[in-house]
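Shown next, in structure tokens, is the structure this report addresses.
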Amino acid sequence: MSLSFLAPLTSRYAPLSKLHFGHGRGASQSLNCILSRRPAITILAIFLHPIFRPQSLSFSSTAIARCGSSRSVAPENLIVLGIETSCDDTAAAVVTGNGKILSQIVSSQADLLSRYGGVAPKMAEEAHSLVIDQVVQQALDNSSLTGEDLSAVAVTIGPGLSLCLRVGVTKARSIAGRFNLPFIGVHHMEAHTLVARLVERDLQFPFLALLISGGHNLLILARDVGHYVQLGTTIDDAIGEAYDKTARWLGLDISKGGGQALEELAHEGDSNSVKFKIPMRQYKDCNFSYAGLKTQVRLAIESRHVCVDKNPILSASSHERKSRADIAASFQRVAVLHLEERCQRAIEWAKEMEPSIKCLVVSGGVASNQYVRSRLNYVVERNGISLVCPPPNLCTDNGVMVAWTGIEHFILGRFDPPPPAFDPEDYMCDLRPRWPLGEEYLHGKSEARSLKRARMHPSLTSIIQSSVKQQISTIHASP
């Protein structure tokens, strides 16, 4: 497999690339190869075959309706390219309508995260721009297809960082315009939700979903494709951001992710040694807060005189390593206990609204954490439902989830007409950096403090419902 497209990249990226090749469900083999001054890139080819399930709702937006009749394709014959650039990974994948993953490419910015201690939007945008063409082309080459073989192009349009979103959307529009393909704008958090339906053949609506990552904490009741009720969200920081900051403060190597590094260190510690307070116990809702816990961790580190600048974890004495491990374990226990308590309440609320609920889907980057999975499995068993987690490579940001979500909407007729082959210079991409997934549940409104709502786009659910009402009115008004 040629990686010649990496050659033009600048020297700021990681020296090690890791390639993954897989055949069959969950299978993968790894091959490390030293590629001097080239970005860490993960290439996946995983084949899954979930049964196609027609959806119970069938409606589209007015823009979609204009072109829906021109693309009559059997679901199993659909082939969709998915592109993801909402944050710090450049990803593309080709997926069929019956759930077969023909290719998957992920170019990671882990080196930039390690260098800057988090996502630097301008640097992330530049990194996306450097590799987007090659990543998408590699996804097509690995699937042995060209743009002429595609049924549609799906791309994340929000939420996320505007600078990063624009890179993916621009690329997706250029491909869709060149090959006259329908264009599907995808909600990033819905993609994390629906990828579970690609992996789990029997997962039917309604179900509960917990979406946890570096930028999001979200509890939703999924009633159908495009129809969600928000039970809870974060009022400040997400759990993934708290993991990353704590790992950095403890002097851990976060090149592979702060969550993974902290979880490994926590195995060595006593989770009851530091008495951190569980956030928001006084508020009987399903919202999250990790800013206060981060402050508690920082104060605990300072009280133990941990100096990571001069003494990273690799050079720490056994005594100091144990002290840091105790902090890591205590943080993880309380951080995840906060998840457990909110999920317990969300399950109770969801069962009141939808008594037939049988599953809790847990997705997003933090869902790869084994401690998180084990604790949430305990919660669902206690409530008589099951836990559904995508494999780790589909929990983190990826093109597969975008392509599959595009397929789910395409089947329902929700897509936009092919864009022009060349957008005018003054064209403004439809980007939705702050875009709620569902309508807020009345009891889920936070009493802790007002959430920032400035420049927030209407939720995906409200947009679809408004479009349906408009179409019904148009039909009734027709002679």
Side-chain angles (χ1 to χ4, degrees), residues 20 22-28 44-58 73-82 84 93-104 143 151-152 154 184 186-187 189-211 220-228 347 350-351 354-364 367-368 373 376-377 379-381 383-414 437:
H20 295 273
H23 299 282
R25 178 184 288 268
S28 69
L44 303 148
I46 301 170
F47 302 94
L48 306 173
H49 304 273
I51 298 173
F52 165 70
R53 300 169 300 279
Q55 306 303 319
S56 59
L57 294 183
S58 181
V73 183
E76 61 272 16
N77 294 328
L78 289 173
I79 302 175
V80 174
L81 169 67
E84 159 62 31
V94 179
V95 181
T96 67
N98 62 2
K100 183 177 181 180
I101 302 172
L102 301 182
S103 66
Q104 180 182 359
S143 65
S151 306
I184 311 168
V186 170
H187 193 293
M189 302 312 292
E190 183 182 35
H192 274 304
T193 304
L194 295 183
V195 73
R197 282 165 53 83
L198 181 151
V199 177
E200 181 58 49
R201 301 184 181 190
D202 298 325
L203 180 59
Q204 298 291 333
F205 295 103
F207 58 85
L208 186 64
L210 170 67
L211 309 177
I220 60 167
L221 171 61
R223 285 179 156 156
D224 211 308
V225 177
H227 188 189
Y228 307 95
I347 291 171
K351 284 189 172 182
E354 298 283 358
S356 63
I357 279 182
K358 297 178 181 178
C359 294
L360 168 65
V361 169
V362 181
S363 189
S368 301
R373 291 191 181 208
L376 293 178
N377 192 60
V379 174
V380 298
E381 287 180 350
N383 287 274
I385 61 177
S386 60
L387 185 68
V388 176
C389 295
N393 68 296
L394 296 182
C395 283
T396 53
D397 292 352
N398 61 86
V400 172
M401 68 181 193
V402 177
W404 180 254
T405 301
I407 289 169
E408 294 249 32
H409 280 280
F410 190 96
I411 291 170
L412 299 176
R414 300 181 194 146
L437 179 56

Minimum side-chain heavy-atom gap Glu408-Glu190 below 4.5 Å: no
Test item: Phe207 and Thr193 side chains (from C-beta on) under 4.5 Å apart, heavy atoms: yes
Test item: Thr405 and Ile184 side chains (from C-beta on) under 4.5 Å apart, heavy atoms: no
Shortest non-hydrogen contact from Arg197 toward Leu203: NH1-O, 3.1 Å
Atom of Ile220, atom of Leu208 and distance for their closest heavy-atom approach: O-CD1, 3.2 Å
Residue pair Phe205 / Val225: nearest heavy atoms and the distance that separates them: CZ-N, 3.5 Å
Distance (rounded to the nearest 0.5 Å) between Ser143 OG and Ile101 CD1: 12.5 Å
Pairwise distance CG(Leu394) to OG(Ser368) - rounded to 0.5 angstrom: 9.5 Å
Sidechain-backbone polar pair: Gln104 side chain, Gly399 backbone, donor-acceptor under 3.5 Å: no
Where Asn398 and Val402 come nearest, the two heavy atoms and their spacing: O-CG2, 3.7 Å
Chi angles and distances behind the side-chain contact (heavy atoms from CB on, under 4.5 Å) call for Val400, Asn393: CA-CA 10 Å; Val400 172; Asn393 68 296; over 6 Å; no
Identified side chain to side chain contact (heavy atoms under 4.5 Å, CB included) counterpart of Val362 within the set Leu387, Asn377, Val380: Leu387
Option among Leu102, Leu198, Val80, Leu81 that satisfies the side chain to side chain contact (heavy atoms under 4.5 Å, CB included) test with Val95: Leu198
Distance-minimising heavy-atom pair for Trp404 and Asn98: CZ3-C, 4.4 Å
NZ (Lys358) with more than 12 external heavy atoms under 6.0 Å: no
Trace of the side-chain contact (heavy atoms from CB on, under 4.5 Å) decision for Ile385 with Lys351: CA-CA 11 Å; Ile385 61 177; Lys351 284 189 172 182; 4.0 Å; yes
Side-chain heavy-atom pair Gln204, Ser356 within 4.5 angstrom cut-off: no
Side-chain donor/acceptor of Ser363 to backbone N/O of Leu211, under 3.5 Å: no
Verdict with reasoning, Ile411 to Leu78, per side-chain contact (heavy atoms from CB on, under 4.5 Å): CA-CA 9 Å; Ile411 291 170; Leu78 289 173; 3.9 Å; yes
Least distance between heavy atoms, Cys395 atom then Pro390 atom: SG-O, 3.3 Å
